[in-house]
Amino acid sequence: MHKVTIRVPATTANLGPGFDAFGCALSLYTDVTFEETDSGLEITGCDEEYTGPDNLAYVSYCAVLASLSEEVRGVKIHIDAQIPIGRGLGSSAALLVAGAMGANVLRGNKLSTQGLLNITNAMEGHPDNLAPAFFGGLTASMVDNGLPVTVNFPLHPDWEFLALVPDFPISTHFARSVLPTDYDRADAVYNISHGAMVLKALELGNEKLLRNAMQDRIHQPYRRNLIADYDAIETLVRTTGAAFCLSGAGPTLLCITLDEHLEEKLAKKLNAITQANWQMIPLHVEFQGARVICTE
Ligand code: HSE
């Protein structure tokens, strides 16, 4: 085999209080094709600025080959991304996962998925997007002695996810720079207790519990100031009864609901109350993680 295409789902990280720990795979995908060649690196399907050797798919591809003590040969990488860049839906994690899995498949599948998670987590620094991208579904992860440990949690089948995606990006690096380095004990207790409730509410399909639990004191109070429309959209979504949080580091805002008509309800009002242009993307949970969709 000399060519493989990897499909990786989008992911939403944090789910409110589960900062750097909770994540969920969603039904939006980035496909990345790796074809080994005799000459150099060629990257297509993305903006010129991402076609160099610092492309995350190539960086993780090389990291996996290094861990296998295998030579990096020429490679053509083609990226077909539905996941929007810099919007808090796991676009970077998707490239890291694709690169790791692509290299592993082309060189004989010697590493386990956990092995690939270990390598990519060392690059990303937190496993909350990577874990659901690899394993699918709802995950919680911890890093123990430098290594990520992930478990899947059950999800009620009736949840609807609605991503509200603005026309501007925010880099994760910047969104982390506005956070404090130390927190009060009361804030830690608040997040631990709310986080446990989020997982149970998602399992039970309890929208009221989820709405109350999906609040946090670690990141959203600081990041909301980066999004001029945050307050207006949160107020609007709360009138519908849906649960609401920032997706990952933002700027996408995520609604989780049992109401099949939420999109229609918001469509009438959303862009009338906002300064930026917001796109609504209805999504469901993707229970399958990254996978091979084509080989030659
Ligand atoms: N947990 C991360 C954050 C997700 O909120 O900064 C973004 O990668």
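Each ligand, and each atom within it, is numbered from 1 in the order the structure gives.
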Nearest protein heavy atom with distance in Å, relative to atom 4 (C) of ligand 1 = D128 OD2, 3.6 Å
Contact atoms of ligand 1, heavy-atom distance to T172 under 4.0 Å | 6 (O), 7 (C), 8 (O)
Close-contact set for ligand 1 against N129 heavy atoms, below 4.0 Å = 4 (C), 7 (C), 8 (O)
Heavy atom of H219 under 4.0 Å from ligand 1?
-> no
N/O to N/O below 3.5 Å, does that happen between E124 and ligand 1?
-> no
How about E207 and T257: does a side-chain donor come under 3.5 Å of a side-chain acceptor?
-> yes
Tell me, do L262 and C255 make a side-chain contact under 4.5 Å, heavy atoms counted?
-> yes
Cationic N near anionic O, under 4.0 Å, D259 to K265 = yes
Check: N271/W278 side-chain N/O donor and acceptor closer than 3.5 Å = no
Protein heavy atom at shortest distance from atom 6 (O) of ligand 1 | R176 NH1, 2.6 Å
At what distance is the nearest protein heavy atom to atom 8 (O) of ligand 1, and which residue and atom is it?
-> H126 CE1, 3.0 Å
Indicate, as side chain, backbone, both or neither, the part of D20 found under 4.0 angstrom from ligand 1 when only non-hydrogen atoms are considered.
-> both
Cationic N near anionic O, under 4.0 Å, D38 to R73 | no
Test applied, side chain to side chain donor-acceptor pair (under 3.5 Å); reference residue, S247; option that passes from T11, T12, N14 | T12
Is it true that E286 and R7 make a salt bridge, defined as a side-chain N closer than 4.0 Å to a carboxylate O?
-> no
Short N-O contact, R238 and E234, less than 4.0 angstrom = yes
Just heavy atoms, cut-off under 4.0 Å: does R223 contact ligand 1 by side chain, backbone, both, or neither?
-> side chain
Output the list of atoms in ligand 1 that are nearer than 4.0 Å to some heavy atom of N14, sorted by atom number.
-> 1 (N), 3 (C), 5 (O)
Looking at F19, which atoms of ligand 1 are within less than 4.0 Å of one of its heavy atoms?
-> 3 (C), 5 (O), 6 (O)
